[in-house]
Amino acid sequence: MKILVCVSKTPETTAKIAFKNNDSEFSEDGVQYIMNPYDEWYALVRALELVEEQGGEVVLAHVGPATNDSIIRKGLAVGAHRAVRIDADPSSSEFVANQIANHAQGENYDMIICGKETIDYNGAVVGGFIGAQLGVPYFSFVSELTSTAGTHTVTRDIEGGVEVSEVSGNIVLSAAKGLAEQRIPKMKDIMMSKRKQIEVISPADFHTTAKVVKYELPSAKGGVKMIDAENMDELVRMLHEEAKVI
Amino acid sequence: MSVLVYIETSNSKIRKVSYELAYYGVQAGKTLDMGCVGIVVGDCEDLDKLTSCGLSKVVKIASNSNGDNGTIADAIAEVAKNHSASLLVFGHSSIGKSLMPRVAFQLNAGSVTGINSLPSIDSGQFQVSKGVFSGKAIATYEISTPIKVVTLMGNSLKPSLVDESELVIEEAAVSIADGSVTIKETKKEEGTVPLPEAELVVSAGRGMKGPENWGIIEELATVLGATTACSRPVADIGWRPHHEHVGQTGVAIRPNLYIAAGISGAIQHLAGVNNSKTIVVINKDPEAPFFKAADYGICADLFDVVPRLTESLKKFKAS
Ligand SMILES: Cc1cc2nc3c(=O)[nH]c(=O)nc-3n(C[C@H](O)[C@H](O)[C@H](O)COP(=O)(O)OP(=O)(O)OC[C@H]3O[C@@H](n4cnc5c(N)ncnc54)[C@H](O)[C@@H]3O)c2cc1C
């Protein structure tokens with residue numbers, strides 16, 4: 001099996017979210033970066049498990065500049081065999097998807113796995129766009145996946161439950177919680193990962209059609225009203241009369 | 001030119017999110033000066049209820065039991081072309097996320113997912129906003145293509161109902177081709193509102209001490225008609241099912257009421273829930289960070305407070 005895992009770089013979860021240039025750009029000052037958790041914890045680990053079972057290789061795909069190589073090295077330390085970096089600024093979901101799909105076109109990956117969404121722009125569409133461009137079925141929010149002789153059983157999260165499907169041939173999917181368990185690389189893996197190959201390819205021309213023009217922070221809460229634990233009738237009254245939510 | 005909204009159904013009935021979608025489409029149509037048309041796949045018994053959102057026309061695509069999300073998306077793209085759609089609206093739901101990318105791709109449309117506002121064209125450009133950084137910020141996007149596609153976050157706007165008018169249902173001239181995916185089984189928990197759509201949520205964390213103590217949370221949720229949620233560690237250690245995990249790496253929600261018991265309010269938890277309209281925090285630690293994000297706080301032992309709150313609610317419901 002040849003599996004492509006798409007990995008993204010996101011601010012660390014406790015990073016301070018601030019903006020610059022008249023609130024038109026995310027401020028990277030002091031921000032630490034990590035691999036997007038859904039990519040690292042679920043997409044990559046399930047790909048590794050499938051290849052451990054059936055043989056083959058796991059290739060990482062990342063769209064970003066050379067400074068992002070540390071994110072890719074993390075994936076190689078967790079166990080991916082090699083990586084492809086498309087050397088471009090990941091300006092939008094559709095741009096990223098287009099670059100990865102262009103690369104995948106000639107490679108005949110059995111499976112392409114993304115995280116269900118990134119924790120910065122929360123798009124949840126890269127996998128869908130890749131599937132659309134390659135003309136192969138796409139499954140969102142997959143929480144269980146088995147694969148035998150080219151036939152896949154895919155369980156995906158839907159509102160209030162799950163949907164189980166069967167499909168043969170190449171597929172694209174996005175990984176959700178439940179698909180696998182996070183793996184922590186050992187020192188030896190981290191050393192080995194330094195010798196693994198990151199192939200750098202040039203981006204194809206693509207015009208992005210949706211962009212952020214302004215950021216703002218949510219308006220602050222008015223302050224908490226403390227309520228006496230003995231007086232839950234009062235809380236209920238406030239929820240009804242003041243907050244009007246019950 | 002028209003706005004097209006994808007109407008979600010379940011067991012031949014419209015889903016709650018479809019009211020929000022229909023209302024959104026009609027209101028967006030007013031801003032963009034064009035009509036709104038619903039699009040539905042397969043039979044639906046109660047489509048005419050959508051007239052209360054101002055919707056007056058629905059195009060129906062006949063279902064094909066051998067179709068899949070790919071071929072359904074292709075049929076929707078055809079209908080969009082036939083109706084010269086300039087804006088397509090899907091729910092930010094499992095079906096919306098499945099259909100939308102392929103539809104947008106086929107129409108060469110620019111797109112933004114998970115939006116929470118009506119479009120604005122005041123600047124001469126089409127702009128919509130959405131929560132980013134898992135709810136820690138809001139971004140305004142501009143889409144520059146002639147055709148635009150968006151997915152709407154649940155509970156983003158409350159439809160104000162209008163006088164019912166007549167609903168015209170038109171059979172689409174397109175059909176759904178056979179696909180390659182077979183759905184084997186759908187397992188659903190009946191009776192509860194799914195978390196992303198819930199207006200009332202009762203959530204609990206590690207302060208519960210163990211899974212055997214969840215009875216008081218479930219009872220509170222039942223009395224309130226709320227859906228249950230939990231913090232990440234609680235789902236990770238298997239006290240609660242994965243789908244209840246809310247936060248930055250779980251489900252992002254925006255209910256009207258979020259009650260959190262025994263949850264400290266770590267930044268990753270807050271990220272997924274701070275768009276809730278009203279937040280009630282029950283925690284015995286006065287320093288718990290969650291109080292800073294709360295509207296109402298009770299600083300006490302949850303094992304004492306939660307049953308009391310349930311009793312007060314029972315009284316309120318009975319009165
Ligand atoms: C990359 C990353 C992603 C993460 N994503 C998420 C996420 O999506 N969602 C999420 O929830 N977390 C997430 N976390 C974890 C997060 O940092 C916190 O560890 C977690 O939210 C804490 O869960 P908790 O509040 O249930 O437990 P704790 O932090 O242990 O808090 C328990 C609280 O219960 C209170 N308590 C105890 N007993 C009682 C009692 N009898 N009565 C009243 N109060 C009581 C305590 O005072 C305490 O405040 C993430 C962490 C990382 C590193």
Side-chain angles (χ1 to χ4, degrees), chain A residues 11 13-14 17 19 37-38 94 119-125 128-129 131-133 137-141 143 153 156-169 177-178 209-218 221-222 224-227 229 232-233 235-236 238-240 243 245-246, chain B residues 68 70 93-94 97-98 100-102 105 110-114 132-134 136-145 180-189 192 194 196-197 242-243 245 248-249 256-257 267-268 274 277-278 291 293-300 304-305 308-309 312-313 316:
Chain A
T13 52
T14 58
I17 305 299
F19 305 104
Y38 296 108
E94 48 175 348
I119 60 168
D120 49 7
Y121 292 96
N122 309 101
V125 281
F129 282 137
Q133 186 173 336
Y138 164 65
F139 299 87
S140 66
F141 291 42
S143 53
T153 305
R156 65 185 201 101
D157 292 345
I158 59 170
E159 287 72 22
V162 295
E163 180 185 272
V164 186
S165 320
E166 209 172 83
V167 61
S168 297
K177 187 167 189 167
T209 54
K211 62 170 200 287
V212 177
V213 290
K214 194 182 90 197
Y215 290 99
E216 60 200 293
L217 295 172
K221 286 265 177 194
V224 59
K225 274 190 192 163
M226 295 309 287
I227 292 164
M232 285 301 100
D233 286 352
L235 175 63
V236 170
M238 285 177 146
L239 291 178
H240 178 61
V245 288
I246 57 170
Chain B
D68 63 18
S93 56
S94 60
K97 284 171 197 154
S98 302
M100 172 268 159
R102 184 145 161 165
F105 182 80
S111 58
V112 180
T113 53
V132 289
F133 300 101
S134 310
K136 290 175 197 165
I138 301 152
T140 304
Y141 279 77
E142 214 163 84
I143 312 181
S144 56
T145 43
S180 56
V181 179
T182 324
I183 296 178
K184 289 278 161 199
E185 197 184 359
T186 307
K187 292 182 235 173
K188 273 198 190 185
E189 221 175 287
T192 52
E197 294 165 17
H242 284 326
H243 64 79
H245 161 189
Q248 185 156 15
T249 53
N256 289 336
L257 175 62
I267 187 163
Q268 297 95 347
N274 64 359
K277 280 180 203 88
T278 299
F291 285 122
D295 298 283
Y296 302 100
I298 302 117
C299 185
D304 175 45
V305 174
R308 274 176 203 271
L309 177 55
S312 295
L313 277 165
F316 167 76

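A, B, ... follow the sequence lines: proteins, then strands. Residue 1 opens every chain.
Counting heavy-atom pairs under 4.5 Å between each of B/S98, B/C299, B/G114 and chain A puts B/S98 at the top. In terms of heavy-atom pairs under 4.5 angstrom with chain A, the leader among B/F133, B/F291, B/F316 is B/F133. When each of A/A124, A/S140, A/G123 is scored by its heavy-atom pairs under 4.5 Å with chain B, the top score falls to A/G123. For the options A/F19, A/Y138, A/Y38, heavy-atom pairs under 4.5 Å to chain B are most numerous at A/Y38. Most heavy-atom pairs under 4.5 Å with chain B: of the set A/V162, A/T14, A/V125, this distinction falls to A/V162. When the candidates B/K97, B/E189, B/R308 are compared by the number of heavy-atom contacts under 4.5 Å with chain A, B/R308 comes out ahead. Of the listed residues (B/H243, B/K184, B/R102), the one with the most heavy-atom contacts under 4.5 Å to chain A is B/K184. Of the listed residues (B/D304, B/N274, B/T186), the greatest number of heavy-atom pairs within a distance under 4.5 Å of chain A belongs to B/T186. With chain B as the partner, the residue from A/G169, A/G128, A/A132, A/G131 showing the most heavy-atom pairs under 4.5 Å is A/A132. Note: B/S134 leads B/S180, B/A293, B/S134, B/P196 in heavy-atom pairs under 4.5 Å with chain A.
Counting only heavy atoms from C-beta outward, the side chains of A/L239 and B/T278 approach each other to under 4.5 Å. The shortest side-chain heavy-atom distance between A/L235 and B/L309 falls under the 4.5 Å cut-off.
Contacts of B/T192 with chain A are absent, with no heavy-atom separation under 4.5 Å from either backbone or side chain. Contacts of B/I267 with chain A are made by side-chain atoms alone, with heavy-atom separations under 4.5 Å and no backbone atom involved. When heavy atoms are compared at a cutoff of 4.5 Å, A/I17 approaches chain B solely by way of its side chain, counted from C-beta outward. Residue contact with chain B, scored on non-hydrogen atoms closer than 4.5 Å, involves the backbone and the side chain of A/Y121 alike. Of the atoms belonging to A/F141, it is side-chain heavy atoms, and not backbone ones, that fall under 4.5 Å from chain B. Both the backbone and the side chain of A/K211 come within contact range of chain B, with heavy atoms under 4.5 Å apart. For A/P218, the parts lying under 4.5 angstrom from a heavy atom of chain B are both the backbone and the side chain. Contacts of A/I119 with chain B are made by both backbone and side-chain atoms, with heavy-atom separations under 4.5 Å. Proximity to chain A (any heavy atom under 4.5 Å) is restricted, for B/V112, to the side chain, taken from C-beta onward. Using a 4.5 Å cut-off between heavy atoms, A/V236 touches chain B through its side chain atoms alone. Of the atoms belonging to A/D233, heavy atoms from both backbone and side chain fall under 4.5 Å from chain B. With a 4.5 Å cut-off on non-hydrogen atoms, A/Y215 touches chain B through its backbone and its side chain both.
Applying the ring-ring contact (aromatic ring centres under 6.0 Å, His included) test to B/Y296 and every residue at least two apart in sequence or in another chain returns nothing. By the side chain to side chain contact (heavy atoms under 4.5 Å, CB included) test, B/A294 pairs with A/V224, B/I279, B/V281, sequence neighbours left out.
With rounding to the nearest 0.5 angstrom, the NZ atom of B/K136 is 10.0 Å from the CG atom of A/N122.
A salt bridge between B/D295 and A/K225 is absent, with no side-chain N of the basic residue lying under 4.0 Å from a carboxylate O of the acidic one.
In plain terms, the two heavy atoms of B/G110 and A/T209 that are nearest each other are CA-OG1, 3.2 Å. Taking both residues in full, the closest heavy atoms of B/M100 and A/F129 are given as CE-CZ, 4.1 Å, listed atom of the first, atom of the second, then distance.
If you check the side chains of B/S94 and A/R156, you find no donor sitting under 3.5 Å from an acceptor. A donor-acceptor contact closer than 3.5 angstrom is absent between the side chains of A/E94 and B/S111. Of the N and O atoms on the side chains of B/Q268 and A/T13, at least one donor lies less than 3.5 Å from an acceptor on the other residue.
Residue B/K187 qualifies as open at atom NZ: its count of foreign heavy atoms under 6.0 Å is 12 or below. Shown here is B/K277, whose NZ atom has more than 12 heavy atoms of other residues, nucleotides or ligands within 6.0 Å.
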